[in-house]
Amino acid sequence: MGVKILKLVGVWVLAFSLLLIFLLVPRTMDIQSNEVGAFVSPGYTYSFAVHWDNIQLFFTQLMSEEGLGMDRYNQPLLGHAWEMMQRSLWLIVPALVLSFFVGIAKGVFDFSTRNSRKKTLGLHTTWLGLSIPDLFVIVALQMGFMYLNVKGIVTGLSLYGYGSVEIIIVNIFYLSLFPAFYIAKATYNALSAEQGQDYIRTAKGKGIAHFKILYIHMLKNGLAHVFLHTNTMVLYVLSNLFVVEFLTQYRGAAYYFKKHTEAAQRIITNDALVVDVGAVVAFTFFFTVLILISSIISQIARSLLMPIERGDEA
Amino acid sequence: MNRSLAVGFTMLILLLLMTFIGPYISYIDRNIEHLGAVYTDDGILVPPFSPSLDFLLGSDRQGRDVLSLLVVGARETLFVLLAIVAIRFACASVLGIGAYYSSAIKALLALWNQVFSFMPSIFFVIFVMGLPFIIFSEQRQLWFILTIALVEVGRSAKILHGSIEQVSKKSYVEAGVVSGCTPFTLFIRYFWPSLRIPLVTNFITDMGRALFLLAQFAVIGVFLQFSFDSLRYGGVDTVNDSYIWPSLLHNIHQDILSAQWVVLSTVGIIAYTMMTFHLLSDGLGNYYEKKYNRIQ
């Protein structure tokens, strides 16, 4: 297991370096205008030497006292990024935990009602949850809240910006919606795969209660397979974080990351496309470390849950 | 009866009718007219116009009929989705099937997947699309399509590789090997029949996923296509010039407050299309599974 974790860290270093190289691509242009001042061409050519200089400069600054640099209020960017990341973590972590456990519960429910009339509530709702984009639900709910507010039925909810409890709760719900259904499907599939196995037949033959077989035998072994999907889940939540934070103007890490990387709409000056490297690096660092931590947790959980996996490939 | 296939197929036919016949219906404004203020008995109306008999789904802030925009934009939307997924699966087939035959490709695929497991797709696309030579490239649409296609190549390749590995463990393949099939015959006659099922179903599901990704990008303001407008005082302004559905979401912040019909219609048609692909994929999967079992 230690080797696997080391390998994960190694791949993280590789992925982070790749992103860094992308980020340090020279972005200064030499905009050409004609005699009346109209735009002719961006006058941009990629130069490897400048790129290499950028990379060297970045590392010398990083090692010096400057670190990642200051923001315009003269605060260290790393601190700013960490503060914003904490706001986002209040959404991400509960959303991940919630969707994971609710998803498993839903998957077990789907599995145990697969042949009964409750199937409509079980499998069919999961199917619906997976095929309707969550954007649709988010937009509809957001409009619903506004409608209630206008009609004076539910007033006083603060649904935009950062700083209220209700926005955090609502955003956690938005973020966990799709992953919960996704995990439900994965749990259902894992349970179905366990179903025909010999040890289940033995357990049934011994007269063990159906309930016990489902939870102690099947779910425990099936969980190892469910954990295989955690990375997809984390990536989805992080991608969706951009949408949710932007839609609700929640000033978190994704919101500011987008602000810092946004290509200018109006390209007038030569440095219109230059991004704030320090800030972007800080955010990228936190985001990728979050993914790394979740992968490590998932790896540990899998090794603990699946005895066969010990010493075997995951 | 295969209900998902029947419903999905019907929905697809409706979608295709809208795409190819829709623009020629007289009610649809094929040229997408920008309507300014309108004088009525009650006074002056300015866009966005709410849904009425003239504008069945209302109009957006530039006075363009939303229904017409959706109908006219359908062809471009479907074409872009098809392009993204076709490029993705062309690369994924090479990687996924190649990984079965060559250990080097297998290692490459594993590494690719591990590296991309650290990059949320939105993240990666934002990084790449901000590069100057892509923003000013003549082929930036192609770059965008290519980037979105590549982000998930590893995932698709992994699915295909998983399928071919699974098939290779079946005893009928062993029988084929023993009876002296050439690798080529083995692939065409033994692997391909089972491989095309995940290929087709995942291809269709991915079209839905790609549409969703484009919608997510549009919400946060990353667009597939734009052109440059020269500014009087030098420099350029990037202007969205495409009718692709997600582009209608570019003003979502204001529209969600005061022109809900624009957001609801756009997200609605996107949801409809995604469901169509999902149903079709499910239905085809079931259909193939039944057919395959009957032969056995």
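Only a predicted model underlies this, so the values are computations on that prediction, with no experimental measurement involved. The chains referred to below are lettered A, B, ... by the order of the sequence lines, with proteins before strands, and numbering in each begins at 1.
- Top candidate by heavy-atom pairs under 4.5 Å with chain A, chosen from B:G208, B:A271, B:A215, is B:A271.
- Taking 4.5 Å as the limit, every side-chain heavy atom of A:F136 sits out of range of all side-chain heavy atoms of B:I270.
- Partners of A:Y236 according to the ring pair (Phe, Tyr, Trp, His ring centres under 6.0 Å) rule, which considers only residues two or more places apart in sequence or in another chain, are A:F178.
- The CG atom of A:L135 lies 6.0 Å from the CZ atom of B:F212; values are rounded to the nearest 0.5 Å.
- Residue A:V237: no heavy atom, backbone or side chain, is found under 4.5 Å from chain B.
- Sorted by first and then second residue, the pairs that involve residues 247-266 of chain B and meet salt bridge (Lys or Arg N to Asp or Glu O under 4.0 Å), not counting sequence neighbours, are B:R61-B:D255.
- Listed in order of number, the residues of residues 123-132 of chain A that approach chain B to under 4.5 Å between heavy atoms are A:W127, A:L128, A:L130, A:S131, A:I132.
- Between chain B and the residues A:N231, A:L238, A:V139, A:L8, the largest count of heavy-atom pairs under 4.5 Å involves A:N231.
- Contacts of B:L213 with chain A are absent, with no heavy-atom separation under 4.5 Å from either backbone or side chain.
- Contact annotation: the side chain of B:Q216 approaches that of A:N240 to within less than 4.5 Å [non-hydrogen atoms, C-beta and beyond].
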Got a list of side-chain donor-acceptor pairs under 3.5 Å for residues 10-18 of chain A, not counting sequence neighbours?
from: A:W12; atom 1: NE1; to: A:T288; atom 2: OG1; distance (Å): 3.1
from: A:S17; atom 1: OG; to: A:V13; atom 2: O; distance (Å): 2.5

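- Residues B:Q114 and A:K7 have side chains in contact (heavy-atom distance under 4.5 Å, counting atoms from C-beta outward).
- Each of A:L290, A:L19, A:L23 has some count of heavy-atom pairs under 4.5 Å with chain B, and the biggest count is that of A:L19.
- Of the inter-residue distances, the one linking B:I126 atom CD1 with A:F242 atom CZ reads 4.5 Å to the nearest 0.5 angstrom.
- The number of heavy-atom neighbours closer than 6.0 Å to CZ of B:F9, taken from other residues, nucleotides and ligands shown, is 12 or below.
- For B:I252, the part sitting under 4.5 Å from any heavy atom of chain A is the side chain, from C-beta outward, and nothing else.
- At least one side-chain heavy atom of A:I291 sits less than 4.5 Å from a side-chain heavy atom of B:P120.
- Chain B forms the most heavy-atom pairs under 4.5 Å with one residue out of A:A140, A:P133, A:P26, A:A254, and that residue is A:P133.
- For A:T232, no part sits under 4.5 Å from any heavy atom of chain B, backbone or side chain.
- Both the backbone and the side chain of B:F118 come within less than 4.5 Å of a heavy atom in chain A.
- For the atom pair B:R155 CZ and A:L235 CG, the distance stands at 11.0 Å (nearest 0.5 Å).
- Only the side chain of B:F124 comes within contact range of chain A, with heavy atoms under 4.5 Å apart.
- The number of heavy atoms from other shown groups lying within 6.0 Å of CD (B:Q166) does not exceed 12.
- Closest approach of B:V219 and A:F246 over heavy atoms only: O-CE2, 3.0 Å.
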